[in-house]
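As structure tokens, the structure follows; a few thoughts come after it.
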Amino acid sequence: MAFSLVPYSLTLPILCLAICSLSLTYSAFTSQDYNDALGKSILFFEGQRSGKLPPDQRLKWRADSGLSDGSSSYVDLVGGYYDAGDNVKFGLPMAFTTTLLAWSVIEFGSSMQSQIQNARSAIRWSTDYLLKAATATPGTLYVQLGDPNKDHQCWERPEDMDTPRNVYKVTTQSPGSDVAAETAAALAAASIVFHDSDPSYSTKLLQTAMKVFDFADKYRGSYSDSLNSVVCPFYCSYSGYHDELLWGASWIHRASQNASYLAYIQSNGHTLGADDDDYSFSWDDKRAGTKVLLSKGFLEKNIQEFELYKAHSDNYICSLIPGSPNFQAQYTPGGLLYKGSESNLQYVTSSAFLLLTYAKYLSSNGGVASCGSSTVTAQKLISQAQKQVDYILGNNPAKMSYMVGFGQRYPLYVHHRGSSIPSVNAHPDHIGCNDGFQYLHSGSPNPNVLVGAILGGPDSSDNFADDRNNYQQSEPATYINAPFVGAVAFFSAKSTAT
Ligand SMILES: *[C@@H]1O[C@H](CO)[C@@H](O)[C@H](O)[C@H]1NC(C)=O
């Protein structure tokens with residue numbers, strides 16, 4: 001990839017200036033660059049795998065881990081993903097990650113070319129686990145593996161893990177509608193992904209999604225109240241469970257086209273957040289994503305009941321567009337969406353994905369979002385998303401790629417236990433809880449490159465400290481990458497800058 005300081009439009013031949021009037025936005029990257037980033041963004045998930053690794057595992061510095069997960073409760077909960085730089089399997093972000101990976105494939109899988117199989121494998125690694133978690137014990141959803149407080153007191157490779165692998169669950173008596181409805185959303189979205197390639201798996205996913213949703217809806221409560229210090233402050237459900245119930249129902253409706261979910265959305269939408277304007281989309285708060293998801297029904301199928309969601313999608317989208325009357329967002333001087341100091345890039349990738357998805361839905365219906373008295377074109381949404389994707393990949397004031405292993409300069413001191421400690425293949429002897437801290441504090445770069453990981457990212461002034469202790473900036477997370485997979489796939493299929 002090459003960074004040119006000359007605006008693209010000035011370098012184009014006159015002929016092209018005449019006929020390429022829609023493609024004058026400058027981009028630092030070629031479709032090959034985006035394609036490279038797409039492959040890496042999916043490869044990252046192999047570094048987060050828990051369980052027995054298959055022979056085709058490509059990140060070779062990882063090995064089997066968590067092979068007894070669930071045994072203390074006499075259930076098989078082997079598999080799934082570690083959320084970030086530690087060794088806990090947190091159900092809420094894992095399910096959200098899965099939903100967004102699946103949504104990425106649903107909207108932009110046709111642009112993934114040779115990566116589509118890897119993308120499906122990344123989803124299946126999670127859905128195999130979520131199916132076990134949802135079906136092992138009637139009336140129970142297993143939602144977390146590992147005591148997070150004990151885990152965080154150690155700096156250990158997952159392969160060496162000897163901290164308590166406590167099993168946490170939600171039940172009819174101690175409910176968790178948030179984590180359960182997100183799990184239902186993940187299973188339903190994945191059922192669409194596997195609809196053609198593995199119909200029986202797809203059916204199983206959808207049937208399980210409906211059961212888990214029913215459980216979420218019937219036994220209402222937040223898992224933060226049921227599980228307290230085990231999930232808070234790690235993945236506390238700050239937004240409550242209403243947003244997940246509407247999101248879960250919306251995904252099952254999309255996957256099944258079953259009228260009872262349409263009726264559910266109609267009769268419960270208003271009490272579950274349909275009228276709110278909310279400007280963040282994350283593992284905690286699903287409201288903006290639900291608006292965009294349901295807007296498709298209005299824009300493409302003219303389902304009148306969903307017009308409301310189109311209006312609120314417009315409000316969300318307009319909030320991101322500088323110059324729009326409803327503009328609400330903060331951008332760094334270098335042009336990065338900035339929501340907060342901790343893992344900020346999660347909001348950047350999720351909003352870039354929503355911009356592109358909404359642009360796609362709009363294109364079938366007039367192609368513009370309404371922002372107060374003005375309109376914003378789908379093309380504008382695409383170029384706004386592209387700026388964010390390009391920033392992440394290195395077109396930024398620090399000239400730093402925030403995707404590990406992509407480009408000339410990327411972070412070397414990633415806050416990730418497995419990546420920072422020598423591989424079990426290079427150093428087979430056990431490295432215990434406290435012995436690992438020498439690697440956290442080491443001045444040397446991580447010995448294992450966690451290829452494709454997108455980290456928390458820079459601060460509000462575009463500054464980034466490549467420092468393992470600075471977890472707010474240097475920790476990866478599955479839910480940062482998941483929506484990026486779809487966004488970068490979109491650009492990988494464009495032969496010229498948009
Ligand atoms: C639609 O969903 C409801 C609720 O889950 C279920 O009872 C019903 O059997 C479904 N209908 C069809 C045709 O699948």
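In each ligand, atom 1 is the first atom listed, and ligand 1 is the first ligand listed.
- Ion pairing of Asp243 with Lys286 is absent here, as no side-chain N (NZ or NE/NH1/NH2) approaches a carboxylate O to less than 4.0 Å.
- With sequence neighbours excluded, no residue forms a ring-ring contact (aromatic ring centres under 6.0 Å, His included) with Tyr223.
- Partners of Tyr279 under the ring-ring contact (aromatic ring centres under 6.0 Å, His included) rule, at least two apart in sequence or in another chain, do not exist in this structure.
- A salt bridge links Asp36 with Lys40: the distance from a Lys NZ or Arg NE/NH1/NH2 to an Asp or Glu carboxylate oxygen falls below 4.0 Å.
- Every side-chain contact (heavy atoms from CB on, under 4.5 Å) that Leu53 has, sequence neighbours left out, goes to Arg49, Gln57, Arg62, Asp64, Trp125.
- We find that Arg124 and Asp198 are joined by a salt bridge, their nearest charged nitrogen and carboxylate oxygen being less than 4.0 Å apart.
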Ligand-protein N/O pairs under 3.5 Å (ligand 1):
residue  : atom   : partner : partner atom : Å
ligand 1 : 2 (O)  : Asn258  : OD1          : 3.4
ligand 1 : 2 (O)  : Asn258  : ND2          : 2.3
ligand 1 : 2 (O)  : Ser260  : OG           : 3.0
ligand 1 : 5 (O)  : Tyr261  : OH           : 2.8
ligand 1 : 11 (N) : Asn258  : ND2          : 2.9

